[in-house]
Amino acid sequence: MAAIYGEEWCVIDDSAKIFCIRISDNIDDPKWTVCLQVNLPSEYPGTAPPVYQLNAPWLKGQERADLSNSLEEIYMQNIGESILYLWVEKIRDVLIQKSQTAEPGPDVKKKTEEQDVGCENNLIVQYQRGNAVQTLDLNISEHVPEIEELPPVDHGVPITDRRSTFQAHVAPVVCPQQVKMVLAKLYENKKIASATHNIYAYRIYCEDKQTFLQDCEDDGETAAGGRLLHLMEILNVKNVMVVVSRWYGGILLGPDRFKHINNCARNILVEKNFISSAEESSKSLGKKKVKKDKKRSEH
């Protein structure tokens with residue numbers, strides 16, 4: 001598959017046989033893109049199908065169900081044979097047909113679950129690189145200096161549980177424009193871009209108004225962004241952004257996934273010295289007003 005699809009093919013976990021391929025209607029000028037993540041069990045292709053997940057912000061409802069049914073029908077017609085190539089080409093055919101209709105391209109904004117302030121080993125990143133960056137629709141005129149520099153981005157130690165891997169990334173930020181820059185930088189990494197979810201939250205302290213500018217994004221992991229932001233409030237961190245990437249391994253983790261997301265975030269905040277002392281945190285909590293970002297959400 002790597003020989004056939006080149007850079008579109010990404011190995012997430014070779015030992016666990018978890019792979020991802022970015023499929024587009026047009027390689028040079030893509031309009032519609034889907035990320036197919038597969039986990040190949042030991043019984044494949046003999047007696048078991050791949051465990052798969054289709055990732056695309058625009059793919060939902062009947063359209064998702066129809067595509068899933070097509071993939072499962074291909075498997076049933078080819079039991080005992082390798083079907084990944086057939087799956088990839090089927091998805092590509094669907095995308096090409098979609099691009100040939102009069103239907104406009106997808107809205108790049110990701111759906112955001114809103115709660116709280118607006119929402120409730122080397123890394124693994126190009127699938128939908130623009131999407132996470134353009135998620136932010138912020139009025140930044142009051143907060144952005146004329147020239148912005150990309151802040152340094154650090155990566156934490158991955159946590160793996162039942163084939164799902166979680167990894168945190170942290171960067172100091174002082175304005176929303178730097179939030180966009182950090183996301184863009186992370187999405188230049190193929191493995192991060194191919195993650196099932198890239199959950200993030202940030203808090204920026206506005207000295208002039210004595211308030212916090214803060215927001216979060218679930219990226220499809222419902223309520224994870226709000227939980228991450230709540231952790232950052234409890235820890236009383238400021239001028240910092242945390243992104244947690246999750247690569248789903250085919251086994252549902254239930255509430256444990258939120259534990260791993262927050263543990264990743266806490267660990268890297270401690271390691272990089274973003275956390276205030278316990279005394280400062282307890283005195284500061286509850287005394288600062290929070291300013292919500294003006295962020296459009298689609299449901």
Could you tell me which residues satisfy ring pair (Phe, Tyr, Trp, His ring centres under 6.0 Å) with [X], sequence neighbours excluded, listed by chain and number?
X    : answer
Y52  : W87
H260 : F166
F19  : W9

Residue pair [X] / [Y], side-chain heavy-atom distance below 4.5 Å:
X    : Y    : result
Q210 : Y205 : yes
N239 : P172 : no
L231 : F258 : no
V182 : P151 : yes
N69  : E72  : yes
L71  : I91  : yes

Extract all donor-acceptor atom pairs below 3.5 Å that involve side chains of residues 39-46 and protein atoms in other chains or at least two apart in sequence.
{"from": "N39", "atom 1": "ND2", "to": "G249", "atom 2": "O", "distance (Å)": "3.1"}
{"from": "Y44", "atom 1": "OH", "to": "I83", "atom 2": "N", "distance (Å)": "2.9"}

Nearest non-hydrogen partners of [X] and [Y], listed with the distance:
X    : Y    : result
A265 : V242 : CB-CG1, 3.8 Å
N262 : L228 : OD1-CA, 3.9 Å
I199 : A224 : CG2-C, 3.8 Å
D219 : E217 : N-OE2, 2.8 Å

Test your reading of the model: is there a side-chain donor-acceptor pair from [X] to the backbone of [Y], 3.5 Å cut-off?
X    : Y    : value
E89  : Y85  : no
R203 : V237 : yes
Q214 : I204 : no
S245 : A195 : no
R266 : N263 : no
D154 : V170 : no
D25  : I96  : no
R64  : L54  : yes
W58  : T33  : yes

Going by side-chain hydrogen bond (donor to acceptor under 3.5 Å, both in side chains), name the residues that satisfy it together with S82, two or more places apart in sequence or in a different chain.
none

Can you name the side-chain hydrogen bond (donor to acceptor under 3.5 Å, both in side chains) partners of R162, sequence neighbours left out?
D256

How far apart are the C-alpha atoms of M232 and V240, what are their side-chain angles, what is the distance that settles it, and do they pass the side chain to side chain contact (heavy atoms under 4.5 Å, CB included) test?
CA-CA 9 Å; M232 295 172 70; V240 63; 3.8 Å; yes

Check step by step if side chain to side chain contact (heavy atoms under 4.5 Å, CB included) holds for N267 and V157.
CA-CA 9 Å; N267 290 346; V157 177; over 6 Å; no

Could you go through E63 and K98, starting from their C-alpha distance and side-chain angles, then the distance that decides it, and tell me whether this counts as side chain to side chain contact (heavy atoms under 4.5 Å, CB included)?
CA-CA 11 Å; E63 201 166 21; K98 192 174 180 65; 2.4 Å; yes

If only side-chain N and O atoms count, and only distance matters, is there a donor-acceptor pair under 3.5 Å linking Q37 with S194?
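No donor-acceptor contact under 3.5 Å links the two side chains.
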
Quick one: CD1 on I159 to CZ on R246, what's the gap to the nearest 0.5 Å?
12.5 Å

